[in-house]
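Beneath this line is the structure, given in structure tokens, with notes to follow.
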Amino acid sequence: MTILVVALAVRAAAWWTWAQWPGAAVAIVDPAWHARLGAAIAAGDLAAGTGAWQVTPGPAYLFALGDVLGLGDALGQAALQLGFGLLTVLGVWASARELGGPKTGAAAGWLAALCGPLIFQDLALLAVAPATLGLAVAGTAALTGKRPLLGGLALGLATWIRPNLLLVAPVAVALLLRRGSRTRAVPYALGLALALLPGLARNVAVSGEWVLLSANGGYNLALSQEPGLRQNLASATDAPTNLDAILADLRGEPAKALGREVSAREADAWWRAKALEGIRADVPGFFYRLAGRAWLIVGTLDTQDHRAWHAHRRDRLGWLPDPSLAIPGRSEEHTSELQSHSDLV
């Protein structure tokens, strides 16, 4: 109970501090797209637009929930996501306690309650808390063999927010099978399928394209090979925070190369082929860039939708703890070369 009370107090203080910044009331890039789509869903468009999704759809439904609850602008939506953050603290505590005992649960709960980067991503409307909660439930089910159907459902719902979490599925099923838990692996896979099939059915019904959730995996892979790609596409439209313009270019580049209009799935396949070609041409470079990306994420140095944790911590959220500073070689000074990113917002 103490952990939850402290987590609530820290998040309330962080929200109030964030609200003093004029930019906090404006959603940009992905959250702006999700906010607009969420408003349409709340108004009755349950299919959430036309055409196969090219952006992860899960956050849009969170925005729709906020609209239904009357939370309004980005600050209200941030309060909702911080509320999910409290559930995440509870889920992380319960999962760690089940896996490692009371002391492990307490340590994990306090880390989740006070983790500055996690709180920041809720404020920035990146829907990380619900995905983290789903991953905690899914991981616990895979490691213990308990509540496998719930574990599969949780992983599937988390994938609606972070599609790359689908990579966890074969690992989770393999863990259950290795424990001789075939009877548990099946309901785990069933729960995952139940969570994902509505997205596939929607894309097929609306566009005729067999897209599981969103057709952007190929582009994201290409982005990992060319970090400036998103900024280049955006700057070409003179609208660095206009996701619609970026999405148009994502179709435009393959269409120009192929000499015809392309579907979302075809565009995604084109970007994937382009990325794989680059990987094959420079395998060592691929792993170098992969390691660099991992360092940026683990070290909380990554810029999320033009909003950087290190910059906001410097300017207004400096009192929030940053566990990544415990990483050898990571320091406040280490972010100095990245300060230019903070000029975006």
Side-chain angles (χ1 to χ4, degrees), residues 29-34 36-37 47-60 159-170 196-294 296-297 302-306:
V29 198
D30 291 35
W33 186 88
H34 289 133
R36 191 175 69 248
L37 188 57
T50 60
W53 284 318
Q54 286 188 277
V55 178
T56 308
T159 301
W160 276 71
I161 298 171
R162 289 287 184 271
N164 53 357
L165 291 180
L166 192 59
L167 296 174
V168 175
L196 294 178
L197 282 177
L200 174 62
R202 179 266 174 202
N203 282 329
V204 172
V206 170
S207 68
E209 297 188 65
W210 288 79
V211 174
L212 185 57
L213 279 179
S214 57
N216 61 345
Y219 165 66
N220 286 335
L221 185 60
L223 184 64
S224 72
Q225 300 309 300
E226 189 180 343
L229 176 63
R230 179 167 185 155
Q231 287 76 12
N232 292 340
L233 289 177
S235 60
T237 65
D238 295 320
T241 61
N242 186 343
L243 188 61
D244 289 320
I246 296 173
L247 291 176
D249 278 348
L250 291 185
R251 293 272 193 103
E253 290 289 319
K256 185 187 302 182
L258 298 175
R260 60 177 174 82
E261 292 297 317
V262 296
S263 67
R265 188 178 180 185
E266 287 176 323
D268 193 51
W270 186 86
W271 285 109
R272 183 178 292 106
K274 178 181 174 67
L276 291 175
E277 181 182 352
I279 292 172
R280 285 191 292 266
D282 184 15
V283 174
F286 165 70
F287 285 105
Y288 176 81
R289 289 186 292 272
L290 191 65
R293 178 70 172 174
L296 286 177
I297 294 173
D302 196 24
T303 299
Q304 301 283 349
D305 284 330
H306 298 262

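Numbering starts at 1 and runs along the sequence shown.
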Interatomic distance, CD@E209 vs CH2@W53, rounded to 0.5 Å, equals 13.0 Å
Quick test of your reading of the model: are R272 and E277 salt-bridged, counting only N-O distances below 4.0 Å?
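Salt bridge: no.
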For [X] and [Y], work out which heavy atoms get closest and say how close.
X    : Y    : value
V262 : P254 : CG2-CB, 4.2 Å
T56  : H34  : O-NE2, 2.7 Å
W160 : G199 : CZ2-N, 3.5 Å
V204 : W210 : CG2-CD2, 3.9 Å
V211 : S214 : CG1-C, 3.6 Å

Only counting residues at least two apart or in another chain, list the ones meeting side chain to side chain contact (heavy atoms under 4.5 Å, CB included) with L212.
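Expected list: L166, L196, L200.
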side-chain hydrogen bond (donor to acceptor under 3.5 Å, both in side chains) pairs touching residues 197-208, sequence neighbours excluded, are none
Any donor-acceptor pair under 3.5 Å linking the side chain of D268 with the backbone of G218?
yes
Quick check: do R260 and E266 have side-chain heavy atoms less than 4.5 Å from each other?
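Yes, their side chains come closer than 4.5 Å.
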Audit row: W271, E253, side-chain contact (heavy atoms from CB on, under 4.5 Å) steps and yes/no:
CA-CA 9 Å; W271 285 109; E253 290 289 319; 3.7 Å; yes
